[in-house]
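Working notes for the structure below.
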There are 2 protein chains.
Amino acid sequence: MPPFDLGRPAKIGAQDVHPCGACPVRSLTVCAAFEEEELNRLAEIVQLQRIDAHQTIFSEGDPAMNLFNVTAGTVKLYKLLPDGRRQITGFLFSGDFLGLSVNDRYAYSAETVAVTSICRFPRRHMELLLDEFPKLQRRLFGMASNELAAAQDQMLLLGRKTAREKIASFLLGLSQRAVRRGQRDNPVQVPMSRSDIADFLGLTTETVSRTFTQLKANGIIRLLEGGKVQIVDNRKILEIAEGS
Amino acid sequence: MPPFDLGRPAKIGAQDVHPCGACPVRSLTVCAAFEEEELNRLAEIVQLQRIDAHQTIFSEGDPAMNLFNVTAGTVKLYKLLPDGRRQITGFLFSGDFLGLSVNDRYAYSAETVAVTSICRFPRRHMELLLDEFPKLQRRLFGMASNELAAAQDQMLLLGRKTAREKIASFLLGLSQRAVRRGQRDNPVQVPMSRSDIADFLGLTTETVSRTFTQLKANGIIRLLEGGKVQIVDNRKILEIAEGS
DNA sequence: GAGTGCCGTTGATGCACATCAAGGCATCCC
DNA sequence: GGGATGCCTTGATGTGCATCAACGGCACTC
């Protein structure tokens with residue numbers, strides 16, 4: 001249930017300008033850097049879009065024309081090898097930011113996992129705002145620092161954790177991020193497919209499936225309807241995730 | 001041959017304030033954000049240090065009091081699991097920056113790989129400078145963005161590449177970074193141990209060693225004296241690295 | 001110059017996870 | 001209804017890399 005949405009059938013469609021002042025996720029986003037009265041400036045350049053599931057937002061190598069804010073739904077970022085091997089580098093939820101680029105090109109592809117609403121900012125305009133509002137710059141830098149820390153955690157996971165530890169870490173990560181967005185942390189919403197989880201954790205779908213089954217058999221989690229996972233033994237899953 | 005160094009026997013020792021205007025790697029660093037006349041401000045707060053090989057600069061979880069700039073030598077950043085498994089998240093060379101933190105704590109440990117010179121900036125002072133010089137903020141943000149892109153490449157490597165592809169990518173990466181620092185790209189200087197390489201690539205020392213041997217046997221590289229590796233077949237190593 | 005420790009290499013073996021294959025169970029569409 | 005499709009699960013088998021073990025070279029010590 002996307003907050004601003006009109007339920008139109010469009011795949012990717014521009015919507016009317018939205019009053020940022022009413023944005024329910026503003027405090028989570030870059031936009032938290034603005035005071036109430038400055039939000040008009042922002043509203044002038046954003047466009048709100050609703051996107052169906054499984055649509056590409058942009059692809060690796062595309063000219064980086066826009067920056068985006070996820071306001072509802074789920075997005076995945078990924079990189080491909082020429083033979084099709086895929087690494088998902090992150091999942092984004094409401095409040096998350098995407099579109100940072102190097103050399104004016106996107107360094108990864110972005111695709112919706114479920115129905116998603118995003119705010120689009122033309123990069124040119126955004127850069128002018130950056131000069132005008134140092135607080136925005138500061139905020140963006142802070143968000144990039146957090147992402148960097150998360151990336152390092154993910155490197156530890158990919159390089160050194162077992163399949164069991166990876167799945168446990170993944171579920172805990174989802175749970176913790178849900179809390180920060182003010183959503184339920186348990187049961188955890190797991191909107192992405194087994195295949196996406198596999199490509200995020202450096203595993204195969206079969207191993208992901210088997211590991212879920214195994215954690216379930218051990219009474220540590222329970223698999224619920226609608227892609228939800230209940231964490232039954234919180235202490236144990238934490239132990240597993242940390243590798244102790 | 002560290003550029004500013006006095007060759008003192010100290011392990012970690014503060015040196016006299018150095019005139020940043022003469023810094024030979026300034027254009028590579030955050031400090032490139034400053035005009036000549038502003039450098040005095042910088043020089044007031046930096047301390048230059050020379051550090052022996054295999055010394056800890058700071059550890060994960062320490063209060064993040066300082067930011068650092070590497071001016072010569074090599075540093076590794078790493079994270080540990082409780083049972084000792086280690087993931088090296090990056091190697092730093094002259095011009096590179098370290099010390100960004102989340103919640104005022106370092107999110108990783110930093111250790112010298114070889115004799116290293118660093119500039120130390122107290123974080124408090126640096127933050128004041130950030131407010132005063134938006135260009136510095138901008139520069140720092142740019143560097144963080146680049147690191148994020150590199151982190152995503154590393155995730156692809158850790159999650160989806162084979163040992164052979166990992167080693168090829170690693171050597172090419174070292175080579176390309178040497179170019180950016182204005183150093184020789186071939187033969188490549190490889191100052192870190194097999195064990196460090198293994199922990200960077202998510203492998204074991206044995207596999208690293210075997211893979212080097214294999215690439216050598218294929219006539220793609222040559223192992224030289226003093227930790228240097230010559231890339232004999234550039235096209236082929238590039239193909240391997242990209243997984244095609 | 002024997003002793004010790006560290007590092008890199010090589011070989012033998014083992015195992016965690018990949019690969020290959022098949023079936024269950026939704027949903028969708030004619 | 002029923003067949004097609006996509007996702008998840010489960011089983012059988014394979015393999016890339018880890019693990020275990022041994023050895024040689026080099027630096028350092030006494």
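In what follows, chains carry the letters A, B, and so on, assigned in the order in which the sequence lines appear, proteins first and then strands, with residues in each chain numbered from 1.
Ion pair B/Asp96/B/Arg177 flagged as a salt bridge, since at least one NZ, NE, NH1 or NH2 atom sits closer than 4.0 Å to an Asp/Glu carboxylate oxygen. Between A/Arg235 and A/Glu239, at least one side-chain nitrogen of the basic residue sits less than 4.0 Å from a carboxylate oxygen of the acidic one, meeting the salt-bridge criterion.
The shortest distance between the side-chain N/O atoms of B/Thr204 and the OP1/OP2 oxygens of D/dA18 is below 4.0 Å. For B/Ser193, no side-chain nitrogen or oxygen approaches OP1 or OP2 of C/dC7 to under 4.0 Å. Between B/Ser209 and C/dT10 there is no side-chain polar atom (N or O) within less than 4.0 angstrom of OP1 or OP2. Between D/dT9 and A/Arg194, a contact under 4.0 Å exists linking OP1 or OP2 to a side-chain N or O.
Between the CD atom of A/Glu225 and the P atom of D/dC7 there is a distance of 18 Å, given to the nearest Å. Nucleotide C/dG8 holds its C1' atom 17 Å from the CD atom of B/Gln214, rounded to whole Å. The nearest whole Å value for the distance from the CG atom in B/Leu203 to the C1' atom in C/dA16 is 15 Å. Protein atom NE2 of A/His54 is 11 Å distant from nucleotide atom C1' of D/dC7, rounded to whole Å. In this structure, B/Leu223 places its CG atom 14 Å from C1' of C/dT10, rounding to the nearest Å. A straight line from NZ of A/Lys216 to P of D/dC8 spans 14 Å, rounded to a whole angstrom. Rounding to whole angstrom units, CD of residue B/Glu165 and C1' of D/dC17 are separated by 14 Å. When rounded to the nearest whole Å, the span between CG of B/Leu157 and P of D/dC17 equals 12 Å.
Aromatic ring centres of A/Phe97 and A/Phe68: separated by at least 6.0 Å. Under the 6.0 Å cut-off for aromatic ring centres, B/Tyr78 and B/Tyr108 do not qualify, their centroids lying 6.0 Å or more apart.
Remark: B/Arg86 fails to qualify as a cation-pi partner of B/Phe200 under the 6.0 Å distance and 45° angle criteria applied to the six-membered ring.
Residue order along DNA chain D, read from the 5' end via each residue's closest nucleotide, puts A/Thr205 first among B/Thr162 and A/Thr205.
Between D/dC17, C/dC17, C/dA21, one nucleotide has an atom nearer to the side chain of A/Glu206 than all others, and that is C/dA21. Considering only side-chain atoms of A/Thr207, the nucleotide from D/dT9, D/dC17, C/dC17 that sits closest is C/dC17.
Contacts of B/Gly227 with the nucleic acid, taken as non-hydrogen atoms under 4.0 Å apart, are absent.
A donor N or O paired with an acceptor N or O is found under 3.5 Å between the base of D/dG11 and the side-chain atoms of A/Arg210.
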